[in-house]
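In this chain, numbering begins with 1 at the start of the sequence shown.
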Amino acid sequence: MPKNIVVLQGANGILFTVLPPARSSLLGEASAETHDISDGLLAEARRVAQREGVTLRSLIEEGLRSVLVRRSEREDYVLPDASVGGQGLQPSARGASWEELRALSYGDRL
């Protein structure tokens, strides 16, 4: 069952409240979420909804679905393996402090 969306316009911006269907709980109350939407974004959404002959609710739901699908399909970035062959540090550098290693790496450029 879809949630109800109530859009309220106030002096400081737009709020929309998502009201889930009433559920029984220990207190017999339903929870609600309220989110701010910028005036410009809501005005643009209303224009698009009117132009396309759809409800604001359906446009909001379509947008949320689109974002959720896009984010679920995004693959996590895997850092490419840039390791090189070899045996690690040269014997003369093993056991050296960070400052000593940095001095060996950068020499006079520090």
Side-chain angles (χ1 to χ4, degrees):
M1 180 173 231
K3 296 181 177 187
N4 297 318
I5 297 177
V6 179
V7 178
L8 307 168
Q9 184 166 359
N12 294 329
I14 303 299
L15 297 175
F16 75 89
T17 302
V18 180
L19 301 171
R23 297 178 245 182
S24 58
S25 68
L26 294 175
L27 301 175
E29 299 174 356
S31 62
E33 297 175 31
T34 301
H35 305 274
D36 291 322
I37 300 178
S38 71
D39 290 339
L41 180 60
L42 185 60
E44 184 178 352
R46 284 183 173 152
R47 284 192 299 272
V48 169
Q50 185 177 21
R51 183 178 66 234
E52 294 182 1
V54 298
T55 64
L56 182 60
R57 173 187 173 159
S58 68
L59 191 66
I60 291 170
E61 288 179 352
E62 180 183 347
L64 287 171
R65 281 189 193 98
S66 175
V67 168
L68 293 173
V69 166
R70 187 175 68 238
R71 288 185 179 183
S72 70
E73 293 173 349
R74 186 178 1 179
E75 294 182 24
D76 292 333
Y77 180 76
V78 177
L79 188 64
D81 184 359
S83 58
V84 295
Q87 303 299 316
L89 292 174
Q90 295 179 7
S92 61
R94 289 192 182 128
S97 69
W98 172 245
E99 289 78 19
E100 292 168 325
L101 289 174
R102 189 174 56 194
L104 287 170
S105 298
Y106 290 99
D108 294 338
R109 294 178 288 169
L110 286 178

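Note: Leu59 CG to Arg57 CZ = 13.0 Å, rounded to the nearest 0.5 Å. Atom-to-atom distance recorded for Leu56:CG and Glu61:CD is 10.0 Å, nearest 0.5 angstrom. Atom CD1 of Ile60 sits about 5.0 Å away from atom CD1 of Ile37, to the nearest 0.5 Å.
Hydrophobic clustering of Ile, Leu, Val, Met, Phe, Trp and Tyr side chains at less than 4.5 Å, counting indirect connections, keeps Val69 apart from Leu64.
Every residue two or more places apart in sequence or in another chain that forms a side-chain hydrogen bond (donor to acceptor under 3.5 Å, both in side chains) with Ser97 is listed here: Glu100. Residues satisfying the side-chain hydrogen bond (donor to acceptor under 3.5 Å, both in side chains) test with Ser66, not counting sequence neighbours, are none.
When side chains are defined from C-beta on, Pro91 counts as touching Arg94, because their heavy atoms get closer than 4.5 Å.
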### Task
Might you work through the side-chain contact (heavy atoms from CB on, under 4.5 Å) test for Arg47 and Gln50, ending with a clear yes or no?
CA-CA 5 Å; Arg47 284 192 299 272; Gln50 185 177 21; 5.7 Å; no

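Residue Gln90 qualifies as open at atom CD: its count of foreign heavy atoms under 6.0 Å is 12 or below.
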